[in-house]
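To start, the structure under review is shown below, and the notes come after it.
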Amino acid sequence: MALDGCGVVCKYILIIFNIIFAVVGFAFLGLGLWLRCSENTRRIFTIGEPDSSTFVIGVTVMIALGIVMLIVVLFGDYGACNEKRCALQVFSVLVFLLAIVEFAVAGLAWSNRMQAGPQLGKFYVSLYERYVMTQDPAIGVILTFIQNSLHCCGITGVSVIEIVKQTCPKPSGFMEHFIMDSCPMTIVRVFDSRAPLVMGIFIGTGALLISALVCAGCLLEQIKKAHQQINTYYSTVY
């Protein structure tokens with residue numbers, strides 16, 4: 001179907017957006033399912049061990065978010081690649097709802113910033129405890145990512161007694177061979193000191209979703225015009 005320059009640009013922006021969304025969605029879903037179904041952690045969900053609610057909620061959110069993102073990608077890529085109006089309309093509704101959720105989460109994170117840091121620290125502790133008990137490689141990947149991002153090491157930070165030091169980042173100085181920052185304290189400190197940055201990330205993600213929504217709207221309008229031109233042509237000829 002013939003699209004003008006704006007329509008073609010919007011089409012390829014949506015395709016790229018959905019490819020990135022698909023990669024992130026598969027990562028969340030795959031990691032969440034691994035933690036949910038792994039032999040080492042499966043019993044947490046079936047038995048309901050004490051003090052495991054934070055871990056269970058975190059894994060459930062990862063799985064749910066991954067599924068929602070892949071559903072959005074399914075409609076978005078199908079609608080953009082095949083120029084299907086119905087699929088693009090469903091994609092637009094889903095993206096609009098995600099953007100609302102994103103802005104709502106940003107507002108909640110800002111209004112509850114004093115409690116959000118300790119809750120994230122508690123989630124890290126739950127991951128730490130599960131890794132110590134099970135040595136599950138999926139949890140090890142998450143710990144490694146968190147600790148390298150924040151440049152901290154475990155609950156104690158003391159390399160001599162730290163149990164998960166194999167997941168810790170490389171020391172950047174002489175003293176860090178012996179002691180690093182404790183991750184739970186670092187998480188709380190970083191969230192408290194960079195709450196505006198965290199809120200900015202949420203708002204930026206929401207703005208990106210709105211941009212995708214605008215592109216979908218432009219593409220829908222272009223497809224509608226193209227259909228009208230085709231109908232006008234056939235009605236004139238026949």
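Side chains are part of it too, since the values below use all heavy atoms of this structure and drop only hydrogens, waters and symmetry mates.
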Check: Leu74 and Tyr78 side chains under 4.5 Å, non-hydrogen atoms: no
Gln166 side, atom CD; Tyr131 side, atom OH - distance, nearest 0.5 Å: 4.0 Å
Output side-chain donor-acceptor pairs under 3.5 Å for residues 203-217, partner residues at least two apart or in another chain, one line each.
unit_1 : atom_1 : unit_2 : atom_2 : d
Thr205 : OG1    : Ile201 : O      : 2.8
Ser211 : OG     : Ala207 : O      : 3.0

Leu219 side, atom CG; Leu88 side, atom CG - distance, nearest 0.5 Å: 5.0 Å
Shared hydrophobic cluster for Val132 and Ile146 (ILVMFWY, side-chain gaps under 4.5 Å): yes
Hphob cluster co-occupancy, Leu29 + Val23, side-chain heavy atoms under 4.5 angstrom: no
Residues Tyr128 and Gln147: side-chain donor-acceptor under 3.5 angstrom: no
Phe26 with Ile63, same ILVMFWY side-chain cluster at under 4.5 Å: yes
Closest approach of Thr186 to Asp181 (non-hydrogen atoms, all atoms of both residues): OG1-CB, 3.3 Å
Euclidean distance, Leu98 CG relative to Ile71 CD1, rounded to 0.5 Å: 10.0 Å
Point-to-point distance, once rounded to the nearest 0.5 Å, from CD of Gln222 to CG of Leu220: 10.5 Å
ILVMFWY network linking Val188 to Phe123, side-chain heavy atoms under 4.5 angstrom: no
Sulfur-sulfur distance Cys153/Cys168 under 2.5 Å: yes
Pairwise side-chain contact, Leu94 with Phe91, heavy-atom cut-off 4.5 Å (strictly under): no
Heavy atoms of other groups near Phe96 CZ, more than 12 under 6.0 Å: no
Verify same cluster id: Val68, Ile100 (apolar side-chain graph, 4.5 Å): yes
Minimum heavy-atom distance between Ser172 and His151, given as atom pair plus value: OG-NE2, 3.5 Å
pair Met180-Cys152: side-chain heavy atoms closer than 4.5 Å: no
Phe17 atom CZ, neighbour heavy-atom count above 12 within 6.0 Å: yes
Nearest non-hydrogen partners of Pro184 and Val125, listed with the distance: CG-CG2, 3.9 Å
From CA spacing to verdict: side-chain contact (heavy atoms from CB on, under 4.5 Å), Val158, Phe178: CA-CA 6 Å; Val158 182; Phe178 305 99; over 6 Å; no
Close side-chain approach of Val72 and Phe21, heavy atoms under 4.5 Å: yes
Closest non-hydrogen atom pair between Leu127 and Leu143, with its separation: CB-CD2, 4.1 Å
Polar side-chain atom of Ser182 near backbone of Ile155 as donor-acceptor pair, under 3.5 Å: yes
Closest contact, heavy atoms only, Leu14 versus Asp77: O-OD1, 4.5 Å
Glu176 bridged to Lys170 by N-O distance under 4.0 Å: no
Check against side-chain contact (heavy atoms from CB on, under 4.5 Å), Ile15 and Tyr12: CA-CA 5 Å; Ile15 292 173; Tyr12 285 105; 4.1 Å; yes
Approximate separation, where rounding is to 0.5 Å, of Ile163 CD1 and Met133 CE: 12.0 Å
Distance in Å, Arg85 CZ paired with Ser92 OG, rounded so as to fall on 0.5 Å steps: 11.5 Å
Heavy-atom side-chain contact between Arg130 and Asp136 under 4.5 Å: no
